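One structure is given here, and the rest of the page talks about it.
A, B, ... follow the sequence lines: proteins, then strands. Residue 1 opens every chain. Remember, it's a predicted structure, so these values are computed and weren't measured experimentally.
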Amino acid sequence: AQSVSQHNHHVILSEAASLELGCNYSYGGTVNLFWYVQYPGQHLQLLLKYFSGDPLVKGIKGFEAEFIKSKFSFNLRKPSVQWSDTAEYFCAVNAYSSASKIIFGSGTRLSIRP
Amino acid sequence: GAVVSQHPSWVICKSGTSVKIECRSLDFQATTMFWYRQFPKQSLMLMATSNEGSKATYEQGVEKDKFLINHASLTLSTLTVTSAHPEDSSFYICSARETDANSPLHFGNGTRLTVT
């Protein structure tokens, strides 16, 4: 069965620091990969997604993620974070064979110090 | 962009009663909708996959007789929590995908259920 691991439960950074959030998945076949963000008191929003093609994916608000198939990873990055990036970030995977259901990681809470 | 409307946003009910939560795709058709449950400070747990015109597929450990799902049209899925108990108190979130299998999920704002 597919699963998603996010090893960082809570990350605290200062503004302008660089960010990298880890995401690893377990599934040997073709996958679609996603990063979602949940700002305090709001619903989930899609940050970026990878289906195929260029493994370096650019999303909204300056975020990007790189799919490394050999490492089963899809880490999220941002070169310079802002206070407004404070939120919960969820990595998710959809395996082609699993009838479209998407499995989420446990989430990483990002706190940015102003 | 695609919008998913979830109603109500919060509800308080007494133990033993049933609560219905609606999930609508406002500007697109969704053959598949998903129901998640989010515990405080935890991730989303997929409860079931709702397919228009057919029975929902429940994840292991989710009681289908307790969490009734109906997906009667391409724009509406409902989750009914039957005979609710305090342990059912949680945040329930629906999501919907457009008919293109490569499209991302769009999420509703969620429903905070409190069972007293």
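- In the hydrophobic clustering of this structure, B:Val62 does not group with B:Phe34; members are Ile, Leu, Val, Met, Phe, Trp, Tyr whose side-chain heavy atoms approach within less than 4.5 Å, directly or through other members.
- Using a 4.5 Å cut-off between heavy atoms, B:Leu44 contacts chain A through both its backbone and its side chain.
- Interface remark: A:Phe90 contributes side-chain atoms only to the contact with chain B (heavy atom separation under 4.5 Å).
- For the atom pair CD of B:Glu59 and CD1 of A:Ile103, the computed distance is 5.5 Å after rounding to the nearest 0.5 Å.
- The number of heavy atoms from other shown groups lying within 6.0 Å of NZ (B:Lys66) is above 12.
- Residue A:Phe34 is grouped with residue A:Ile60 when hydrophobic side chains (ILVMFWY) are merged at heavy-atom distances under 4.5 angstrom, including chains of intermediate members.
- Looking at A:Leu46, the atoms closer than 4.5 Å to chain B (heavy atoms on both sides) all sit in the side chain, from C-beta outward.
- Cluster membership for A:Tyr39 and A:Trp35, using ILVMFWY side-chain heavy atoms within less than 4.5 angstrom, is shared.
- The side-chain heavy atoms of B:Tyr36 and A:Ile102, taken from C-beta on, include a pair separated by under 4.5 Å.
- Side chains of A:Gln38 and B:Gln38: a donor-acceptor N/O pair is present below 3.5 angstrom, by distance only.
- Placement of B:Ile21 and B:Met45 within a single hydrophobic cluster is found when ILVMFWY residues are connected by side-chain heavy-atom separations under 4.5 Å, directly or transitively.
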